[in-house]
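Following: one structure in structure tokens, then a few remarks.
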Amino acid sequence: MLDSKIVITCACTGAETTKAHNPALPTTPEEIADTAVACREAGAAILHLHVRDENGKPTQDPKVFRKAIDLIRKRTDIVVEITTGGAVGDTAEERLRPVTELEPEMASLDCGTVNFGDDYIVNTLPVMRKFAEEFRRRKVRPTLECFDLGHVFSSRILIKEGLLEPPYHYGLVMNVPGAVPFTLDTMESFVRALPEGADFTLMGIGRASLPAQYAAIARGGWIRVGFEDNVYYSKGVLAESNAQFVARAARLAKEAGLAPATPADVRAYLKLRT
Ligand code: ZN
């Protein structure tokens, strides 16, 4: 555990949110770099990164990721975690390309198949093994994203097979429509199923975002906020920016006696490749 500190991740763009949901959504590499700087200043240590093409549609094109990351790197030391979840309908090969071509220090690794509203995301064990092997070969630290309880157990199969190395960092995604709702009981069942010594970032989707932040603080987890998960700052009120969410999360943490961790803290703690 990080002593008296908490890691705040900002998922600033996502794949499904649009400017129609919230006009402040950053979609171009330039907008995303501006967001990265503002979120770092507000207390975020990790930026969870999706990118969009020139029409604002989600893309896994490594060239677009490269452009965004280069702009971010010029201006801030925030840890960049690339998505390999991609968007609904992407093939496994498309989703993996940014990892194999850019070798980021961190990336998400989805741990199972799940409903996603009326759509679905497919991650079979063979696909997960392939992802884990490519991550391990390149020393890319995975955030093991679990949308349902069975996903935690699937990740443990990968650990048993020697495909994942500690420290294990989980992303517990709760309240996706069609998957597990967020309650303290469901969170607890996830946390108790984690391997010993694992850390977790709690992601409450939609209206679960704020309660999940309080729950993460209470349960020793880390926080994720951002437009990928939620576009409302409070009931009926759109957030002005991703940084506004980060600033609130940092305030909640400080009131609980926790300082927001820095990117340097995360790089040391998760043993990221520099
Ligand atoms: Zn994502």
Side-chain angles (χ1 to χ4, degrees), residues 7-18 21-22 25-27 29 31-32 35-36 39 44-53 56-62 64-65 68-69 72 78-92 94-99 102 104-117 119-123 127-128 131 135 140-148 151 155 169-180 182 200-206 208-209 212 216 222-231 239 242 245-246 249:
V7 178
I8 301 172
T9 295
C10 183
C12 65
T13 302
E16 318 297 332
T17 310
T18 68
H21 297 123
N22 189 324
L25 179 79
T27 55
E31 288 169 345
I32 289 170
T35 296
C39 287
I46 302 174
L47 188 81
H48 173 72
L49 182 65
H50 290 247
V51 292
R52 304 291 177 91
D53 65 17
K57 296 270 181 280
T59 177
Q60 288 296 102
D61 184 348
V64 186
F65 276 104
I69 292 168
I72 293 166
I78 200 165
V79 173
V80 176
E81 176 197 79
I82 283 182
T83 178
T84 67
V88 166
D90 285 348
T91 66
E94 285 168 332
R95 286 162 42 201
L96 196 52
R97 274 184 71 202
V99 164
L102 303 180
E105 52 188 340
M106 246 182 128
S108 63
L109 197 169
D110 289 357
C111 290
T113 298
V114 68
N115 288 324
F116 201 87
D119 294 306
Y120 52 88
I121 298 170
V122 176
N123 291 285
V127 163
M128 291 163 53
F131 275 48
F135 277 55
V140 177
R141 174 67 61 199
T143 291
L144 302 164
E145 288 202 1
C146 297
F147 295 71
D148 265 325
H151 296 184
S155 75
H169 174 238
Y170 281 80
L172 306 180
V173 191
M174 311 198 70
N175 225 38
V176 170
V180 71
F182 171 73
F200 66 96
T201 295
L202 198 58
M203 311 173 193
I205 306 302
S209 178
W222 298 349
I223 289 175
R224 186 170 106 166
V225 294
F227 287 157
E228 174 165 351
D229 299 344
N230 171 40
V231 296
N242 280 290
F245 282 132
V246 174

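All heavy atoms count here, side chains included; hydrogens, waters and symmetry mates do not. Remember, it's 1-based here, ligands and their atoms both numbered in the order they're listed.
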Checklist entry - What are the protein N/O/S atoms, named by residue and atom, that sit under 2.8 Å from the Zn ion (ligand 1)? => result H48 NE2, H50 NE2, E228 OE1, E228 OE2

Checklist entry - Under 3.5 Å, is there a donor-acceptor pair between the side chain of T27 and the main chain of R52? => result no

Checklist entry - Looking at T113, V88, V127, which hits side chain to side chain contact (heavy atoms under 4.5 Å, CB included) with V122? => result T113

Checklist entry - Just one of L49, I82, T83 clears the side chain to side chain contact (heavy atoms under 4.5 Å, CB included) bar with S108, so which one? => result T83

Item to check | N22 (side chain) donor-acceptor with A239 (main chain) under 3.5 angstrom | outcome: yes

Checklist entry - Any donor-acceptor pair under 3.5 Å linking the side chain of D148 with the backbone of V180? => result yes

Checklist entry - Under 3.5 Å, is there a donor-acceptor pair between the E81 and T143 side chains? => result yes

